[in-house]
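Remarks on the structure that follows.
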Amino acid sequence: MSEDDNNMEEYPTEIHDYLAAFEKSLGSVDEMLKTMMSVSRSELLQKLDPLEQAKLDLVSVYTLNSMFWVYLATQGINPKDHPVKQELERIRTYMNKVKEITDKKKASKLDKGAASRFVKNALWEPNTENEHTSKTSTKGKKRQ
């Protein structure tokens with residue numbers, strides 16, 4: 001028997017697809033970590049504005065805590081009973097705060113002057129000269 005055959009017998013065949021997907025995901029995480037680690041942190045932070053720096057820090061710490069969550073699960077420890085759960089929730093609240101700030105920056109700003117000019121020009125205002133001429137021209141048409 002080959003080594004692969006031995007590995008296949010160690011776990012139920014029903015979960016083979018799940019394990020293959022998990023292995024593929026781990027490979028993706030490994031590639032991303034290698035990419036992130038190839039650039040020095042200080043060099044990376046110099047290129048980003050403070051909001052982007054906060055996003056990078058939050059994503060990094062969330063990823064590390066999530067990986068620890070998975071590690072605990074693989075060791076048979078229930079991560080829901082571990083302090084890592086509270087840490088992940090705390091990080092999520094900060095991520096939501098950063099998202100709110102980002103959304104506020106993206107929101108359109110009201111130009112009060114332009115809005116008032118738009119409304120003023122859109123409303124019809126009768127003036128006495130137009131009223132008088134329009135009445136006489138319509139009266140003349142009715143008589144004919």
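By convention here, the first residue in the shown sequence is residue 1. When reading the values below, keep in mind they use all heavy atoms of this one structure, side chains included, and skip hydrogens, waters and symmetry mates.
Taking 4.5 Å as the limit, every side-chain heavy atom of Glu87 sits out of range of all side-chain heavy atoms of Phe68. Looking at heavy atoms from C-beta onward, Lys106 lies out of side-chain contact with Ile101 at the 4.5 angstrom threshold. Two residues are said to be in side-chain contact when any heavy atoms from C-beta on lie closer than 4.5 Å; Leu45 and Leu56 meet this criterion.
For Asn65 (side chain) and Val61 (main-chain N/O), a donor-acceptor pair under 3.5 Å exists by modelled atom type.
For the atom pair Glu89 CD and Gln86 CD, the distance stands at 6.0 Å (nearest 0.5 Å). Here the straight-line distance linking atom CG of Leu58 with atom CD1 of Ile91 works out to 7.5 Å at 0.5 Å rounding. Between the OG1 atom in Thr102 and the NZ atom in Lys104 there is a gap of 11.0 Å [rounded to 0.5 Å]. Atoms CG and NZ, on Asp103 and Lys105 in that order, are 12.0 Å from each other to the nearest 0.5 Å.
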Margin query: With side-chain contact (heavy atoms from CB on, under 4.5 Å) as the criterion, how do Leu26 and Asp30 come out once you've worked through the C-alpha distance, each side chain's angles and the decisive distance to 0.1 Å?
Written below: CA-CA 6 Å; Leu26 282 177; Asp30 188 41; over 6 Å; no
Note to self: Go through it in stages, so that I can follow the logic: the residues are Tyr71 and Thr74, the test is side-chain contact (heavy atoms from CB on, under 4.5 Å), and I'd like the CA-CA distance, side-chain angles, deciding distance and then a yes or no.
What the structure shows: CA-CA 5 Å; Tyr71 170 76; Thr74 61; 4.2 Å; yes
Margin query: Assess the residue pair Thr63 and Met32 against the criterion (side-chain contact (heavy atoms from CB on, under 4.5 Å)); give the C-alpha distance rounded to whole Å, side-chain angles, the decisive distance to 0.1 Å, and a yes or no.
Written below: CA-CA 11 Å; Thr63 302; Met32 291 175 124; over 6 Å; no
Notebook entry, point to check: How far apart are the C-alpha atoms of Trp69 and His82, what are their side-chain angles, what is the distance that settles it, and do they pass the side-chain contact (heavy atoms from CB on, under 4.5 Å) test?
Noted result: CA-CA 9 Å; Trp69 176 285; His82 195 275; over 6 Å; no
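Using a cutoff of 4.0 Å between basic side-chain nitrogens and carboxylate oxygens, Lys55 and Asp49 are not scored as salt-bridged.
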